[in-house]
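Reviewing the structure listed below.
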There are 2 protein chains.
Amino acid sequence: MTRILVVDDEPQIVRALRINLHARQYQVVTAATGAEALQSAEDEQPDVVILDLGLPDVDGVSVVRTLRQWSHVPILVLSGRLHSTSKVEALDAGADDYVTKPFNIDELLARVRAVTRRHSSHEVTRPVRFGRWSVDLVDRRVDEIDGTPSVVHLTPTEWQLLDVLLRSPGRLVSQRQLLTQVWGPTFVEETHYLRQYMKHLRRKLEDDPARPQHLLTEPGMGYRFQP
Amino acid sequence: MTRILVVDDEPQIVRALRINLHARQYQVVTAATGAEALQSAEDEQPDVVILDLGLPDVDGVSVVRTLRQWSHVPILVLSGRLHSTSKVEALDAGADDYVTKPFNIDELLARVRAVTRRHSSHEVTRPVRFGRWSVDLVDRRVDEIDGTPSVVHLTPTEWQLLDVLLRSPGRLVSQRQLLTQVWGPTFVEETHYLRQYMKHLRRKLEDDPARPQHLLTEPGMGYRFQP
DNA sequence: ATGACGCGTGAAGAAGCCGTGAAGACGCCT
DNA sequence: AGGCGTCTTCACGGCTTCTTCACGCGTCAT
């Protein structure tokens with residue numbers, strides 16, 4: 001049974017969501033503040049988090065950021081029409097999708113389904129294959145697909161960066177998200193770190209590092225792992 | 001059965017609309033003031049709201065704004081020829097479309113149909129499909145529907161503009177709203193930015209950029225994404 | 001007709017971003 | 001303490017993207 005954590009400080013919204021989600025056989029847990037949310041996320045281990053960005057105690061974006069430090073749980077962000085910037089920030093911080101208020105309940109449900117489907121199928125435990133390589137994120141090893149013993153060695157930072165990218169195949173991962181997840185929230189400005197380590201990864205994993213096939217740059221936005 | 005809330009303080013217009021809409025099998029509810037309108041919208045849960053901007057008690061635009069705080073119901077605005085500015089303001093506030101008085105009843109009915117059709121078909125699965133393309137706003141990628149690998153690449157500004165348009169399918173989005181959401185509130189005069197970037201989007205996404213099928217211009221008003 | 005206005009288009013300069021090589025700083029191991 | 005691997009910092013060249021300007025065309029109103 002799928003467990004959903006709903007975080008919103010407006011009782012009527014929480015109530016509406018609880019009723020609708022419960023009717024669809026979801027188990028619902030709620031929180032009204034950011035602090036509660038983080039606590040619940042740890043205690044209840046939800047499968048999805050629906051998070052309103054306008055919380056009374058802390059900024060919703062920072063909740064996303066904190067949550068992402070230890071959890072990969074899919075986060076669906078609710079944002080008011082007026083705050084399109086914080087929506088972008090939330091995605092940067094690691095949110096998976098967003099819905100603008102006022103929202104259509106069917107749309108929200110569709111997105112919940114999308115986000116869970118996508119996550120369960122991409123729960124990375126098996127080696128990821130691309131190019132000539134088979135990358136095992138659990139065992140931390142890179143093998144050549146044709147069976148040749150591993151010659152590629154990645155440093156810890158390189159592993160972390162590759163990890164974040166490979167966990168979202170095909171999806172654009174923003175610079176901010178990469179920096180937060182690899183170096184921490186205080187490093188969101190240090191984009192030159194990214195350039196440096198992407199260079200290393202490409203040199204080790206791409207056939208032609210100058211013309212990458214799988215570790216792609218999206219200028220002004222971030223990077224993308226293309227399977 | 002589709003229920004329509006008609007808001008107008010002129011009895012003869014209300015009467016004409018009631019007769020015509022009723023003849024087309026719509027259920028009609030009416031209100032003569034802004035306060036009544038808000039009350040009815042809550043009590044009757046209409047599927048469409050037809051709202052005259054010239055109300056006796058409050059500004060029609062603020063009715064739109066208030067309504068949009070909790071409801072996603074499609075709003076069709078009626079405006080006198082003299083109030084073209086408030087027409088734009090209403091769109092900015094979240095109205096879906098407008099008709100200028102005096103209006104042709106057939107045109108009005110067509111717009112009602114259009115506005116309900118797109119809303120009921122708002123069964124949102126994540127990627128938005130139009131023309132040959134499948135656009136995924138969250139993953140930030142454009143793929144060809146027939147499976148050909150993505151060749152279209154959009155810049156950050158292009159993505160933001162497309163995002164705003166695609167999040168309101170079929171709806172007329174005002175220039176002001178686009179400029180505010182993409183470039184920020186200080187850029188509401190720079191309509192040439194819009195022209196520039198709409199050109200880019202059309203060149204990349206329309207089969208015949210000079211005769212766009214999906215990214216349409218509404219002269220003097222704004223742009224519309226036609227699914 | 002004619003002028004004003006808004007929209008579409010092309011082109012070009014400016015700004016910012018990215019990739020790269022190289023070198024210094026740091027911590028861990030023997 | 002020395003050496004090594006790794007992380008951080010710097011400088012520069014090239015390229016993408018953003019911004020601005022100029023012009024043509026169609027529509028509408030005078």
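Here is how names work: the chains are called A, B, and so on, in the same order as the sequence lines, proteins then strands, and each is numbered from 1. Treat the numbers as computed from the prediction; the structure is a model and nothing was measured.
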Original post:
Taking CG from B/Leu194 and C1' from C/dT9, how many angstroms apart are they, rounded to a whole number?
Top reply: 16 Å
Subject >> Where protein sits on nucleotides 24-30 of chain C, one letter per nucleotide: B base, S sugar-phosphate only, - none, heavy atoms under 4.0 Å >> reply: -------
Original post:
In whole angstroms, how far is the P atom of C/dC17 from the CD atom of A/Gln175?
Top reply: 8 Å
Original post:
Starting at CG of A/Leu215 and ending at P of C/dC18, how long is that distance when rounded to a whole Å?
Top reply: 16 Å
Subject >> Letter per nucleotide, 5' to 3', of nucleotides 3-12 of chain D [B base touched, S only sugar-phosphate touched, - untouched; heavy atoms, 4.0 Å] >> reply: ---SBBB---
Subject >> Pair B/Tyr197 and B/Trp183, ring centroids less than 6.0 Å apart >> reply: yes
Original post:
Looking only at side chains, do A/Thr217 and A/Arg202 share a donor and an acceptor under 3.5 Å apart?
Top reply: yes
Original post:
Any Lys/Arg nitrogen of B/Asp163 or B/Arg140 sitting under 4.0 Å from an Asp/Glu carboxylate oxygen of the other?
Top reply: yes
Original post:
What integer distance in Å separates A/Met198:CE from C/dG19:P?
Top reply: 8 Å
Original post:
Above 12 or not: heavy atoms from other molecules or residues under 6.0 Å from CZ of B/Arg176?
Top reply: no
Subject >> Lys/Arg cation over aromatic A/Tyr98: B/Arg167, 6.0 Å, 45° cone >> reply: yes
**OP:** Just say parallel, tilted or perpendicular for the rings of A/Phe225 and A/Phe130, cut-offs at 30° and 60°.
**Re:** perpendicular
**OP:** Examine distances only and state if a side-chain atom of B/Trp133 and a backbone atom of B/Asp143 form a donor-acceptor pair shorter than 3.5 Å.
**Re:** no
**OP:** Could you check how far CZ of B/Arg203 sits from P of C/dG8, rounded to whole Å?
**Re:** 14 Å
Original post:
So A/Thr66 and A/Val58, side-chain contact (heavy atoms from CB on, under 4.5 Å) or not? Walk me through it.
Top reply: CA-CA 11 Å; A/Thr66 313; A/Val58 291; over 6 Å; no
Original post:
Only one of B/Lys204, B/Lys199, B/Arg203 forms a salt bridge (Lys or Arg N to Asp or Glu O under 4.0 Å) with B/Glu158, so which one is it?
Top reply: B/Lys204
Original post:
Roughly how many Å is it from CZ in A/Arg202 to P in C/dG21, rounded to a whole number?
Top reply: 13 Å
Original post:
In whole Å, what is the span from the CG atom of B/Leu178 to the C1' atom of C/dC7?
Top reply: 15 Å
Original post:
At under 4.0 Å between heavy atoms, what does A/Glu218 touch on the DNA or RNA strands: base, sugar-phosphate, or nothing?
Top reply: nothing
Original post:
Roughly, in whole Å, what's the span from CD in A/Glu189 to P in C/dC18?
Top reply: 13 Å
